Number of protein chains: 4
Amino acid sequence: MVAKGKRDSESEAQPAGKKRDPERTRLVIIEAAREEFAENGYDGARTDRIATRTGMSKGVLYHYFSSKDDLFVAVLEDIYQELRSQNEALVLAEFEPEAGIRELIAHTYQYFVDHPEFIVLVNSENLMKAQHLERSESIRSMFTPLSRRLSELISRGQEQGIFRSNVDVVELYVSIVGLGYFFLANRWTLGVVFNRDLLGKGAEEVRLQHMTEMVLDYLRNVKSLDGKE
Amino acid sequence: MVAKGKRDSESEAQPAGKKRDPERTRLVIIEAAREEFAENGYDGARTDRIATRTGMSKGVLYHYFSSKDDLFVAVLEDIYQELRSQNEALVLAEFEPEAGIRELIAHTYQYFVDHPEFIVLVNSENLMKAQHLERSESIRSMFTPLSRRLSELISRGQEQGIFRSNVDVVELYVSIVGLGYFFLANRWTLGVVFNRDLLGKGAEEVRLQHMTEMVLDYLRNVKSLDGKE
Amino acid sequence: MVAKGKRDSESEAQPAGKKRDPERTRLVIIEAAREEFAENGYDGARTDRIATRTGMSKGVLYHYFSSKDDLFVAVLEDIYQELRSQNEALVLAEFEPEAGIRELIAHTYQYFVDHPEFIVLVNSENLMKAQHLERSESIRSMFTPLSRRLSELISRGQEQGIFRSNVDVVELYVSIVGLGYFFLANRWTLGVVFNRDLLGKGAEEVRLQHMTEMVLDYLRNVKSLDGKE
Amino acid sequence: MVAKGKRDSESEAQPAGKKRDPERTRLVIIEAAREEFAENGYDGARTDRIATRTGMSKGVLYHYFSSKDDLFVAVLEDIYQELRSQNEALVLAEFEPEAGIRELIAHTYQYFVDHPEFIVLVNSENLMKAQHLERSESIRSMFTPLSRRLSELISRGQEQGIFRSNVDVVELYVSIVGLGYFFLANRWTLGVVFNRDLLGKGAEEVRLQHMTEMVLDYLRNVKSLDGKE
DNA sequence: GATGAATGAGGCTTCATTCAT
DNA sequence: AATGAATGAAGCCTCATTCAT
């Protein structure tokens, strides 16, 4: 998906030449599956609809993937790969510590805003206790590099005396992701129980600002060390 | 479910007296449905299995609820009711501001830990864009009271000069919930991509401490007022 | 199948009253499956056609049997049961030894003539190395009683000095069955390679006479003991 | 298959020279198909697996044979040819009558033991009422020569006064084949219903001895002439 | 000639829901 | 009220065959 730079042009059903192109077909299938899984979750997705989206016959799916499960794994690998490469494009080393954190938060959040599929896919996968992810070699420890880069950023901040010590990088990253992800994933129910419209652009921006402040306040709090907690 | 104090006694198939008790039957069905939906999500849940769990026949389900959808609404209402009444049991007015926040965070988190069903059910409902919740009168604005009470707590903190001003209570509550919910909901995939075991009691406690610190640091940051953000 | 005396009336699709009768439905399904498997073998049989034969919907099959395999097991159990009870109806003890053998041969042969399904079903099962039969408790050692009765008959013949000694009853029974079964099962190919019409009543009777002679000659040959073989 | 002496070298995917050899390719395909049909029967066989076995692409199959049916015919012709030439290699004229019969029984039986495919293929074909064989010119009356040679042997025995008169050669040959074929084909189910292990070498030899005795006793029974049967 | 991608009909099985009893 | 048999529309997947390259 991420490879080949063929992305963007979504759901085109065999363009131009119409010639056979297995590589491309594979991508078209993953793309179609991604949409279908994203709109309906794993259990709600229908292989028939995936086929329809590709513009090809149902049998083709099974020519490329051995099962719905297998296809779901491929979609997960694809989308995680995409998130990671999006992350990697952000060179944290170029920023001052605080600006780096801001960028990381904003980029990550923006990815979720632009790719609501990610949330549905990952929720689906957690419902199934990550049984597909566990089968995927390429996803294991995928974010270790990011951890390291984030770690370096934090260290620089600590050396400059502007960031607290005692930061668990994974916990921090989970918070950075979670503050945005939870909001975006649960906008619909939250909107009902709080009787607020959380679906628009405005709500999204309010959220980003709030969560950025929260994370930075946490990191900046130099004195918390001598506190009792 | 939460009502009547009949909880705890799970899945008993009409005890002792054997007399027909429609109210009770209704609760038994909701209980069974809750388990089934929680383990499999909406699409993964099976009406047959729900019937089996109740120990009654499938016809009974349809006598009490007109469809799977209808049953799902009932389950959602039940579990939201439960969370709310759990929240209400915590009298925030009795606590000093900071302690009140701590209590709220801990109680809320503990509820999710004790009721993993909540997460699956709510995720399922968001996948379907809250179409069931919208049909439910009883859930609309359900958390407005909590907002008010939280608001009061914050105000007291602000009056005492220990909490920042400029706090959006809904955003704050979303963060309080989200920091724990996201972690608990996504433990499986997070565990794989970070290659960490996040499933145990230990990881749960580390999380609680981290998120408590984060929220409190945010609230305590008195100087952020003069910042531009 | 064999039970209830409801046999004979084949393939009736819910007679008279049309009332629900699970016992009867089960039998109707087995009956339909038996026909379908008999005409097409296991792999050639279609669950759709079985359903059509029952006059009910396809789902019913799965209400009574968990899979095509499971249904096949039921059919095998039914037909073996039938052969056995047919055998048991023949009281060998009432006959003189030679007449008893003649009766056994004729009855067994007649069963195959009347129930060509048996042959197809058993051939199918052997193609699959009896994997279904092995799962069936009721079929294990089903013919041990017959072995015993045949044994007694042989013994009487030996005491009267008209039957040879040294008879392996199972080998004998395999021959009695095989001489007829093989012919009936392979009539079509045999007819082609020998350019003979083996399909009619005439050929069936010629076969019976030939095989009866062969078996009896084998049993009567008192002197073979002192032979070298 | 049997032709050309190219047998033995199984399933090699175009060896050494690599030059195109249509004759050889045809044989390779038939060989592969034979294995596949033998292991799974006609309906259970898969054209994909046949292609895989040949090491060539599926298109090649359809280049040489117009359909699965067509391929099955070719396999049948091949294997019948093989049995016939195996038979022809046995020069019955060289033996004394009784020894000739023994040889014929043993050779035929051994062929089935060595070629379990034959049994599955022929059973499959009979399930389909020999519809393929009927299309094959080369198989019609294929065993007429053998009948003649067997006839001569019997005649010699009759002239020597050691064999009965009144022998129907085809019936006799059907018995000779059937006594072994039935046992070998139905070992699995027979083993279950008689609770005996019939799969080993031992059981095979016991069977051969039993059936040889039976056939010879039948032929030797000189007195049966005056009987009425 | 050769490949294997693509087709489409159809195979087995499931499932929410209805309905006879 | 209650049961669970029955329905029928789908769901996932397979497979002989065709066809673009």
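Residue numbers start from 1 in every chain, and the chains themselves are labelled A, B, ... in the order their sequence lines are given, proteins ahead of strands. Note that the coordinates shown come from a computational prediction; the quantities given were computed from them, not determined experimentally.
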Chemist: May I ask which nucleotide in the shown strands pairs with E/dG8, Watson-Crick or G-U wobble, both distances under 3.5 Å?
Modeler: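 Pair assignment: E/dG8 / F/dC15.
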
Chemist: Does the A/Asn126 side chain pair with the main chain of A/Val122, one donor and one acceptor, at a distance under 3.5 Å?
Modeler: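 Here the side-chain-to-backbone pair exists.
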
Chemist: Among E/dT13, E/dG4, F/dA1, find the nucleotide with the atom closest to the side chain of B/His63.
Modeler: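 Taking heavy atoms from C-beta onward, the closest nucleotide is F/dA1.
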
Chemist: Would you indicate which nucleotide in E/dA6, E/dG1, E/dA2 comes nearest to any side-chain atom of A/Tyr64?
Modeler: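 For A/Tyr64, the side-chain atoms sit closest to E/dA6.
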
Chemist: Considering only side-chain heavy atoms of C/Ser67, which listed nucleotide, F/dA5, F/dC13, E/dT13, is closest?
Modeler: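 Of the options given, the side chain of C/Ser67 lies nearest E/dT13.
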
Chemist: Can you tell me which nucleotide in E/dA16, F/dA16, F/dA1 comes closest to the side chain of B/Tyr62?
Modeler: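 Nearest nucleotide to the side chain: E/dA16.
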
Chemist: Under 3.5 Å, is there a donor-acceptor pair linking the side chains of D/Ser136 and D/Glu77?
Modeler: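 There is such a pair between these side chains.
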
Chemist: Return the nearest nucleotide to the side chain of C/Thr47; candidates are E/dT13, E/dT7, F/dA16.
Modeler: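 Nearest to the side-chain atoms of C/Thr47, counting from C-beta on, is E/dT13.
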
Chemist: In whole Å, I'd like the distance from the CG atom of C/Leu61 to the P atom of E/dT13.
Modeler: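 The distance from CG of C/Leu61 to P of E/dT13 comes to 10 Å, rounded to the nearest Å.
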
Chemist: Starting from the 5' end of DNA chain F, give me the residue, C/Ser57 or D/Asp48, whose nearest nucleotide shows up first.
Modeler: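 The 5'-side residue here is C/Ser57.
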
Chemist: Mapping C/Ala45 and D/Gly59 onto DNA chain E by nearest heavy atom, which one lands closer to the 5' end?
Modeler: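 Nearest-nucleotide comparison on DNA chain E picks D/Gly59.
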
Chemist: Between atom CZ in C/Phe65 and atom P in F/dA6, what is the gap in whole Å?
Modeler: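 Rounding to the nearest Å, CZ of C/Phe65 and P of F/dA6 are 12 Å apart.
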
Chemist: Decide yes or no, distance alone: a donor-acceptor N/O pair under 3.5 angstrom between the base of E/dT13 and the side-chain of C/Lys58.
Modeler: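 Yes, a donor-acceptor pair under 3.5 Å.
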
Chemist: Give me the ring orientation class for D/Phe72 and D/Phe37: parallel if the planes are under 30° apart, tilted from 30 to 60°, perpendicular past 60°.
Modeler: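 Geometry flag for D/Phe37 against D/Phe72: perpendicular rings.
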
Chemist: Of the nucleotides F/dT7, E/dG8, F/dA16, which has the atom closest to the C/Val60 side chain?
Modeler: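 Of the candidates, F/dT7 comes closest.
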
Chemist: What's the closest nucleotide to the B/Arg46 side chain, out of E/dT13, E/dT14, F/dC12?
Modeler: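 Nucleotide nearest to B/Arg46's side chain: E/dT14.
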
Chemist: Answer whether the closest heavy-atom distance between the side chains of D/Met56 and D/Thr25 falls below 4.5 Å.
Modeler: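 D/Met56 vs D/Thr25: side chains touch.
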
Chemist: Starting from the 5' end of DNA chain E, give me the residue, C/Ser66 or B/Ser66, whose nearest nucleotide shows up first.
Modeler: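 The residue mapped nearer the 5' terminus is C/Ser66.
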
Chemist: Is it true that a side-chain atom of C/Glu125 and a backbone atom of C/Leu76 form a donor plus acceptor pair closer than 3.5 Å?
Modeler: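 Absent.
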
